[in-house]
S.K.: 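I have a structure here, written as structure tokens, and I will follow up with some questions on it.
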Amino acid sequence: AFLALGVLFFALALALSHYMSKRAMGPIARSYERQREFVADASHELRTPLSVLLSSIDTLQMEESLEQDAFARRILSNMKGEVRRMTKLAGDLLTLARSDSGAVELQREPLDLRQLAEGVLRSLQPLAEAKQLRVELDAPTALPMLGDTDRLSQLLVILVDNAIKYTPDGGAVRVAMAASGAGAAGAGGTAGPGRAAAAWLDIAVSDSGIGIPPEEHERIFQRFYREDKSRSRALGGHGLGLAIAKWIVDTHRGTIAVDSAVGEGSTFHVRIPLG
Ligand code: ADP
């Protein structure tokens, strides 16, 4: 009888906790979903007025009557910087809100990561030149893989843009990429299914910059995390870049980690399966 009572009590507790968790989770999950939709809609809606603002500032900057007005030009240039910052923030919030819904479909298309990296480095070259940074790419002539072209290029932009941002003038930024594991060479024909699965791609983005203290290495991948808020705000950051980078790597079933010491630069290591 004692045993039966115990079993009954256990079953009752189980049923009660199940009922409570359903009752509690329902509204919370629903309100979370509403909040996510709100962030997605709001950031989407912000993009149009922001692009109108940006082109209005462009028009004013070309206005001849303002050419000699140093004060107006300075204000316009500040406004442009802030509008760009807001546009980036709206875009990043939209990306993360969409990623939370789990509805983002990852494209798995054949691409050449070397070509992708060359394009990214070309587009960021003006930023590097403005700081007299040396930028190097160390990769085989072709790096064929399956992945999402837009997302992987976004990942490289985030990492290289940070490397440039957090490296003092005259420093160096290096992107090294290599395929390894069985079947990495691509052709071959000998790679069975088990072997092909072992092939991956390693990307390392290094800089000779300010570095990151060890206690921050995990936290920098969290949303809105900025090591030194005033400093990175001055640099235009809002702490979402690495959270997006991590999401992109996760959806490619890869890993991302940082190796860094203060004053000695940082290296971000990414490993993604090739196919
Ligand atoms: P942010 O927009 O602030 O750059 P991120 O999410 O890209 O946001 O990075 C989060 C924080 O990680 C940054 O504020 C900075 O403190 C640190 N960080 C990222 N990349 C580097 C780097 N290459 N060198 C030094 N610190 C970095």
Side-chain angles (χ1 to χ4, degrees), residues 39 43 46 50 81-100 117 120-121 123-138 150-177 202-252 254-271:
V39 174
S43 40
L46 275 172
L50 284 172
E82 289 302 313
V83 172
R84 283 220 173 103
R85 227 174 83 80
M86 276 171 72
T87 308
K88 183 162 185 315
L89 176 59
D92 286 354
L93 282 172
L94 186 61
T95 303
L96 284 170
R98 282 185 178 154
S99 78
D100 285 345
V120 166
L121 293 185
S123 72
L124 295 175
Q125 191 58 30
L127 293 182
E129 270 168 20
K131 298 181 75 179
Q132 287 111 42
L133 297 181
R134 215 161 9 92
V135 180
E136 259 176 52
L137 173 62
D138 176 5
D150 291 344
R151 298 287 175 221
L152 289 175
S153 111
Q154 192 178 9
L155 167 72
L156 290 173
V157 167
I158 292 167
L159 296 180
V160 177
D161 182 57
N162 275 349
I164 295 174
K165 245 183 352 193
Y166 298 110
T167 300
D169 291 13
V173 170
R174 184 163 178 271
V175 179
M177 304 192 300
D202 285 309
I203 307 173
V205 178
S206 333
D207 62 62
S208 64
I210 56 174
I212 304 162
E215 66 274 17
E216 312 279 321
H217 288 187
E218 298 270 328
R219 266 181 287 179
I220 52 171
F221 295 100
Q222 293 169 7
R223 293 175 187 188
F224 290 111
Y225 186 77
R226 287 170 297 168
E227 193 194 311
D228 175 342
K229 299 213 158 47
S230 55
R231 183 195 59 189
S232 52
R233 192 180 188 284
L235 291 169
H238 44 246
L240 290 177
L242 288 178
I244 294 180
K246 180 156 176 20
W247 168 68
I248 294 173
V249 172
D250 286 348
T251 52
H252 280 86
T255 56
I256 183 167
V258 67
D259 181 12
S260 176
V262 173
E264 289 174 21
S266 312
T267 300
F268 283 82
H269 295 279
V270 173
R271 172 167 278 191

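Remember, it's 1-based here, ligands and their atoms both numbered in the order they're listed.
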S.K.: Tell me, please: is Phe268 in heavy-atom contact with ligand 1, that is, under 4.0 Å?
M.R.: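 Under 4.0 Å: yes for Phe268.
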S.K.: State whether the shortest distance between N or O atoms of Gly241 and N or O atoms of ligand 1 falls below 3.5 angstrom.
M.R.: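 Among all N and O atoms of Gly241, at least one is under 3.5 Å from an N or O of ligand 1.
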S.K.: Which of the numbered atoms in ligand 1 are under 4.0 angstrom from any heavy atom belonging to Arg226?
M.R.: 3 (O), 14 (O)
S.K.: Between atom CD1 of Ile248 and atom CG of Leu242, what is the distance when rounded to the nearest 0.5 Å?
M.R.: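 Between atom CD1 of Ile248 and atom CG of Leu242 there are 10.5 Å.
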S.K.: If you measure from CG on Leu89 to CD on Glu82, what distance do you get to the nearest 0.5 Å?
M.R.: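 Rounded to the nearest 0.5 Å, the CG-CD separation comes to 11.0 Å.
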S.K.: Record the part of Leu240 in heavy-atom contact with ligand 1 below 4.0 Å; permitted values are side chain, backbone, both and neither.
M.R.: backbone
S.K.: Atom CD of residue position Gln222 - does it have more than 12 heavy atoms of other residues, nucleotides or ligands inside 6.0 Å?
M.R.: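 For Gln222, atom CD is crowded (more than 12 foreign heavy atoms under 6.0 Å).
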S.K.: Return yes when atom CZ of Arg134 has more than 12 non-hydrogen atoms of other residues, nucleotides or ligands closer than 6.0 Å, and no otherwise.
M.R.: no
S.K.: Got a second to check how far Ile158's CD1 is from Ile256's CD1, nearest 0.5 Å?
M.R.: 8.5 Å
S.K.: Using a 4.0 Å cut-off to any heavy atom of Tyr225, which atoms of ligand 1 qualify?
M.R.: 10 (C), 11 (C)
S.K.: Out of all atoms in ligand 1, which are within 4.0 Å of some heavy atom of Lys165? Include the element for each.
M.R.: 1 (P), 2 (O), 4 (O)
S.K.: Under a 4.0 Å heavy-atom limit, does Ile212 contact ligand 1 with its side chain, its backbone, both, or neither?
M.R.: side chain
S.K.: Identify whether the distance between the nearest side-chain nitrogen and carboxylate oxygen of Asp161 and Lys88 falls below 4.0 Å.
M.R.: no
S.K.: Would you say Leu242 has any N or O atom under 3.5 Å from an N or O of ligand 1, going by distance alone?
M.R.: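 In this structure, Leu242 places an N or O atom under 3.5 Å from an N or O of ligand 1.
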S.K.: Rounded at 0.5 Å granularity, tell me how far OG1 in Thr95 sits from CD1 in Ile244.
M.R.: 4.5 Å
S.K.: Under a 4.0 angstrom heavy-atom cut-off, which atoms of ligand 1 come close to Gly239?
M.R.: 1 (P), 2 (O), 3 (O), 6 (O), 8 (O)
